[in-house]
Each structure stands twice: as C-alpha cells, then as structure tokens.
Protein chains: 2
Amino acid sequence: MNITDQIYSADSANQDRAQAIRDNLRDAIVDRRLAPGTKLSEGEVGTLFNVSRTVARAALQMLSFEGLVRTERNRGAFVANPSTEEARQVFASRRLIEPGIATAACERVTAADIVAFRAQLDEEGRFIAERGPRARRSEIKASGDFHLLLASLAGNAILQRFMEELVARSSLVIALYGRSGVSACGHSEHTGIVGALESGDSGLVSRLMLHHIDHIEADLDLRVRAGPALREALNF
Amino acid sequence: MNITDQIYSADSANQDRAQAIRDNLRDAIVDRRLAPGTKLSEGEVGTLFNVSRTVARAALQMLSFEGLVRTERNRGAFVANPSTEEARQVFASRRLIEPGIATAACERVTAADIVAFRAQLDEEGRFIAERGPRARRSEIKASGDFHLLLASLAGNAILQRFMEELVARSSLVIALYGRSGVSACGHSEHTGIVGALESGDSGLVSRLMLHHIDHIEADLDLRVRAGPALREALNF
DNA sequence: TTGGCAAAAATCGTATGCAATCTTTTTTGG
DNA sequence: CCAAAAAAGATTGCATACGATTTTTGCCAA
C-alpha cells in the first residue's frame with residue numbers, strides 16, 4: 001500500500017463516486033499514465049467509470065481546482081501542462097511551506113512513524129533499483145509519498161492539503177522538465193531527513209528539507225523552450 | 001439569518017455563472033451576512049440566482065473545497081463553523097506562508113503599489129471610525145483585503161490562491177472567536193507594514209507580518225467552550 | 001402531554017435531453 | 001487545385017426528471 005491510498009481511503013470509501021474518480025485520475029496523472037495535454041472529455045470519463053457526465057464533470061472540476069487539469073469553456077478538460085513559470089511557483093511555494101512542515105513533524109514524530117518512514121524508504125529504494133518506465137513512474141510517486149507522509153505528521157489538515165496539491169503538481173513538473181539524474185541523490189536525502197527526524201533536531205530537519213527541495217528544482221531544465229505559445233497552439 | 005438577505009447582480013458577463021455565484025456567496029460568508037451553520041440548500045441558492053440546481057451545486061462544491069462550506073451527504077451544504085482547532089491551523093498556516101509572501105512582495109513592490117496600499121489603509125480607517133455592525137463587517141473585509149493585496153504582489157499565483165483561502169477562513173474564525181478589541185491595533189500594524197515595504201527592508205516586513213499574525217490570533221478566544229460536540233449536535 | 005410510528009414533504013444524487021458552441025468535413029466559387 | 005463558406009458532427013453548459021435518502025408532519029396510544 002502507498003501513502004496516498006492511506007490518506008484518501010477514508011474519504012473515498014463511503015463518499016462520493018466523483019471523489020473516487022478524481023483519485024483514480026489523479027493517480028493516473030501523477031503516474032504519467034495520462035500525459036500532459038491529454039484531453040479528458042466528460043463523456044469518455046463517464047463511460048470509462050460507468051457514471052453519467054454529471055459525476056464525471058464533478059471529478060474533473062475537482063482536479064481543475066487542484067491545478068492538475070485545465071478546463072476551457074466549451075472545449076473541455078485537459079491534463080495540465082505546467083509552464084516553466086508555474087513550475088517555479090510550485091517550488092517557491094514548497095520552499096516556503098515544507099521546511100515549516102518538517103519542523104512541525106519533527107516535534108510530533110513517534111517511533112511508529114519512524115518505522116513507517118523506513119518502510120517508505122525501502123520501497124523507494126526498490127523502484128530505483130529496477131529498470132524501465134514503469135519503475136520510473138513508481139519512483140516518482142514513491143518520492144512524492146515520502147513528502148506526503150511527512151506532511152501528514154505535521155498535524156495541520158490545511159497544510160496537508162496544500163502539500164497534496166503541491167506534490168501532485170511537482171510530479172507533473174518533474175515528468176515534464178526532469179533531467180532524471182537525481183533519483184538516487186533524492187533518495188539519500190530522504191534517508192538523511194528521516195535520520196534527522198529520529199534525532200529530533202528540528203532545525204536540521206528543516207535545513208535538510210530546504211536543501212532537498214533546492215536540489216529537486218536544480219535538477220529541472222526550466223529554460224524557456226520552443227515558446228509556450230507554440231506548445232499551446234499545438235494543444236500540448 | 002437567511003440567504004434571501006443576499007443581493008445579487010445579474011452580470012454573469014463572460015465568466016462562469018457558477019463562479020459568479022461562488023464569489024457572491026463567499027463575500028456574504030466573509031461579511032457575515034451568512035452566519036456559520038446556515039443551511040445553503042441547492043434549490044434555494046438556485047432560485048435566488050435564477051439558475052438550476054446543477055449550477056448552484058457547482059458553486060457550493062467550490063466553496064466546500066475552500067473550506068468555507070461543509071457538505072454532508074444527502075443533507076446539504078452549510079456555512080462552515082470552524083472549530084478552535086481549525087482556527088489554530090488556519091493561523092499556523094498563515095504564520096508559515098505569509099512572512100514569505102511579505103518578503104517576496106517587498107522585493108517586487110512598486111511606487112504605484114504603495115499608492116494602492118495607502119488607499120486601502122484609508123478605507124480601513126474609515127470603517128474603523130464608523131459605528132454599527134455594517135461598518136464592523138466592512139472592517140473585517142477591508143482588513144482581509146489588505147493581506148490579499150500584499151499576496152497579489154508576491155507574483156506567485158499558487159500562494160495567492162492559498163492566501164485567498166486562508167484569509168477567507170480567517171474572517172470566519174474572527175467572526176466566531178474574535179474579542180473585537182484589536183481593530184485599531186491591526187490597522188496601525190498594517191500601516192507599519194506598508195511603511196516597511198516602502199523602505200524596502202524585506203526582513204523587517206517579514207518580522208512585522210509575523211507579529212501581526214500573532215496579534216490577530218492572540219485576540220481570539222480559542223479556549224474550548226461548551227464542547228464542540230454540543231455545537232455540532234445543535235448544528236451551529 | 002409524551003413517545004413512537006407511518007405517511008408526506010423536502011432535499012439530495014444522478015441520469016438524460018436539448019440548445020449553444022466548437023471542430024471537422026464537405027461543398028462551392030474562383 | 002486551392003481558399004472560403006456551409007453543413008455535419010462532436011462536446012460542453014445547463015435545465016429538468018426521477019429514484020433514494022432524510023426530515024417533517026400527523027396521528028394514535030400510553
């Protein structure tokens with residue numbers, strides 16, 4: 001089981017079908033099974049999940065609030081294709097929020113949490129060792145789940161939701177602009193953060209997290225390329 | 001309090017109608033024309049704004065994402081009634097985010113922005129001078145607008161949206177738990193922040209903002225009272 | 001009066017239909 | 001043969017309909 005399953009199961013279990021569809025689509029987007037720019041028509045989503053357009057539409061609306069889907073009036077919904085500027089804003093937001101979350105988590109972490117972190121790290125390591133695009137996607141997801149696990153420990157539901165959005169969008173950004181070299185490095189940084197958490201040094205945890213975010217962003221290629229206008233025009 | 005106190009303008013010009021309704025309802029909630037716990041039935045909202053339940057429902061869904069409305073399955077939507085714990089989380093989030101926003105804004109602020117801030121401060125001052133509940137509501141709103149104006153200068157659309165949500169929820173919290181004494185004090189702090197912005201000292205701006213948030217929260221009465229279970233049971 | 005139960009009313013969740021808008025294909029004029 | 005106009009097709013925006021669930025009402029007995 002992975003983290004997001006844990007986080008959302010309580011919601012989607014007895015709640016709306018729209019929420020279940022949203023979770024399903026979000027996983028697909030974060031996993032890159034749905035490429036940026038892919039059209040998500042209400043009818044198609046509806047038939048795929050055996051619901052009416054009404055329910056499919058609600059799910060797409062939720063994803064659009066989270067920034068994972070962009071909707072255009074009378075045209076439909078598309079998997080988001082974040083610009084380099086958006087990518088920068090995502091990471092600027094994370095730099096602001098996540099060190100604070102790490103500090104808060106450090107002050108509330110329990111031995112059981114550390115065990116969960118170790119398991120999470122093991123899973124990450126497994127995917128890094130594997131080859132192939134399937135493992136690559138699982139690796140991105142597992143890496144995001146690490147940050148979500150930390151956020152869930154901070155004891156602040158609002159910040160946790162913000163982080164869910166930011167992590168999901170980060171996955172999109174990394175899939176689009178990542179230069180792929182950093183995986184093992186990121187993993188070792190995660191390991192370091194868990195170690196600092198265990199030692200209870202909240203200042204260190206916060207600093208490590210900040211550096212980690214910087215490293216992730218530094219691995220991106222955020223130079224302006226072929227012009228976003230062209231990308232847009234080609235509906236990518 | 002009743003929804004029908006609501007005034008609505010017929011301009012659904014180029015935007016989505018659901019969005020216009022959401023904005024209208026949000027203003028009403030933030031202004032406290034709609035009290036926490038008030039039921040917002042889809043049918044009633046729909047007839048009030050001359051739209052079908054479909055559109056009204058979409059608007060309510062948006063507000064529920066923002067945390068201003070709580071929806072219960074098969075029961076309906078209600079204006080949120082944040083608990084003291086939620087109130088603490090709102091302010092913890094603001095303490096994390098807003099000093100950073102202030103720093104970013106300080107580095108991008110222009111002379112024209114300063115003029116806009118002065119105008120905003122003047123408006124605040126006017127409402128503080130006035131008496132009566134109408135002025136009190138306008139005062140809360142104007143105070144929130146100050147923070148939103150600052151957020152808009154930070155140049156980060158994601159953080160700006162987070163702040164919009166946090167400021168709106170703060171208004172609810174202040175309306176519920178505020179002890180009311182702090183208005184003039186908050187105004188003077190706003191003035192101080194603008195002054196620091198003008199001087200370009202981003203460290204000072206950040207520190208003033210942090211203190212300001214602390215003062216706002218300190219003015220709240222967040223002791224656990226008559227038991228949130230009772231409040232919930234009474235649907236307040 | 002109070003408590004409990006069943007019918008009625010209200011409200012929500014969802015599917016479906018129609019008009020408006022956008023996209024693609026076909027037709028027409030040069 | 002190509003460009004522009006027109007028609008056909010697809011998709012969304014919105015309203016409405018109907019079953020399901022909840023809440024209220026009315027009634028009777030304790």
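Every chain is numbered from 1, with letters handed out A, B, ... down the list of sequences.
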Enquirer: Name the residue closer to the 5' end of DNA chain C, choosing between A:Asn74 and B:Gly76 according to the nucleotide with the nearest heavy atom.
Expert: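 That would be B:Gly76.
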Enquirer: Round to a whole Å and report the spacing from CD1 of A:Ile21 to P of C:dA15.
Expert: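 For the pair A:Ile21 CD1 and C:dA15 P, the rounded distance is 9 Å.
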Enquirer: D:dA15 P sits how many Å from B:Glu42 CD, rounded?
Expert: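 The distance from CD of B:Glu42 to P of D:dA15 comes to 13 Å, rounded to the nearest Å.
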Enquirer: What integer distance in Å separates B:Leu40:CG from C:dT11:C1'?
Expert: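 So the two atoms are 14 Å apart, to the nearest Å.
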Enquirer: May I have the distance from A:Asn50 (atom CG) to C:dA15 (atom P), rounded to whole angstrom?
Expert: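 The answer, rounded to whole Å, is 9 Å.
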Enquirer: What is the distance, to the nearest angstrom, from the CD atom on A:Glu72 to the P atom on D:dG13?
Expert: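 Checked: the CD to P distance equals 11 Å.
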Enquirer: Taking only side-chain nitrogens and oxygens of B:Arg57, does any of them come within less than 4.0 Å of OP1 or OP2 of C:dG13?
Expert: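 It does, given that an N or O in the side chain of B:Arg57 lies less than 4.0 Å from OP1 or OP2 of C:dG13.
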Enquirer: When you check the phosphate oxygens OP1 and OP2 of C:dT14, does a side-chain N or O of A:Ser52 lie under 4.0 Å from one of them?
Expert: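 The answer is no; no side-chain N or O of A:Ser52 sits under 4.0 Å from OP1 or OP2.
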Enquirer: With no hydrogens and no angle check, is any side-chain donor or acceptor of B:Lys39 less than 3.5 Å from a backbone partner on B:Arg75?
Expert: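 Checking the backbone N and O of B:Arg75 against the side chain of B:Lys39, a donor-acceptor pair under 3.5 Å is found.
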Enquirer: Taking donor-acceptor contacts at under 3.5 Å, does the side chain of A:Thr54 reach the base of C:dT16?
Expert: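 Yes.
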Enquirer: Distance check needed: C:dC12 P versus B:Leu60 CG, whole Å only.
Expert: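 These atoms are roughly 9 Å apart.
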Enquirer: Just by modelled atom types, is the A:Thr110 backbone N or O under 3.5 Å from a matching donor or acceptor in the A:Asp113 side chain?
Expert: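 Yes, because the side chain of A:Asp113 sits within donor-acceptor range (under 3.5 Å) of the backbone of A:Thr110.
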Enquirer: Of the options C:dT11, D:dG13, D:dA17, whose atoms approach the side-chain atoms of B:Arg53 most closely?
Expert: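 The closest nucleotide is D:dA17.
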Enquirer: A:Arg17 has a side chain; which of D:dT12, D:dA15, C:dT14 sits nearest to it?
Expert: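 Between D:dT12, D:dA15, C:dT14, the one nearest the side chain of A:Arg17 would be C:dT14.
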Enquirer: Between B:Arg75 and D:dT23, is there a side-chain N or O to OP1/OP2 distance below 4.0 Å?
Expert: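 For D:dT23, OP1/OP2 do have a side-chain N/O of B:Arg75 under 4.0 Å.
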Enquirer: Determine the interplanar angle of the B:His190 and B:Phe146 rings, folded into 0 to 90°, and report it as parallel if under 30°, tilted if 30 to 60°, perpendicular if over 60°.
Expert: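 Plane angle under 30°, so parallel.
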Enquirer: B:Asp16 has an atom CG; how far is it from atom P of C:dT21, in whole Å?
Expert: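 Rounded to the whole Å, the gap is 14 Å.
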Enquirer: Kindly check if the number of other-residue, nucleotide or ligand heavy atoms within 6.0 Å of CD (A:Glu130) is above 12?
Expert: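 Yes.
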Enquirer: Quick one: are B:Leu166 and A:Ile158 in side-chain contact, heavy atoms under 4.5 Å?
Expert: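 In short, these two side chains touch, coming nearer than 4.5 Å.
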Enquirer: In whole Å, I'd like the distance from the CZ atom of B:Phe49 to the C1' atom of D:dA15.
Expert: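 Spelled out: CZ on B:Phe49 to C1' on D:dA15 is 18 Å.
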Enquirer: For B:Val55 and for A:Lys39, find the nucleotide of DNA chain D with the closest heavy atom, then tell me which residue's nucleotide is more 5'.
Expert: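 Per heavy-atom nearest nucleotide, the more 5' residue is A:Lys39.
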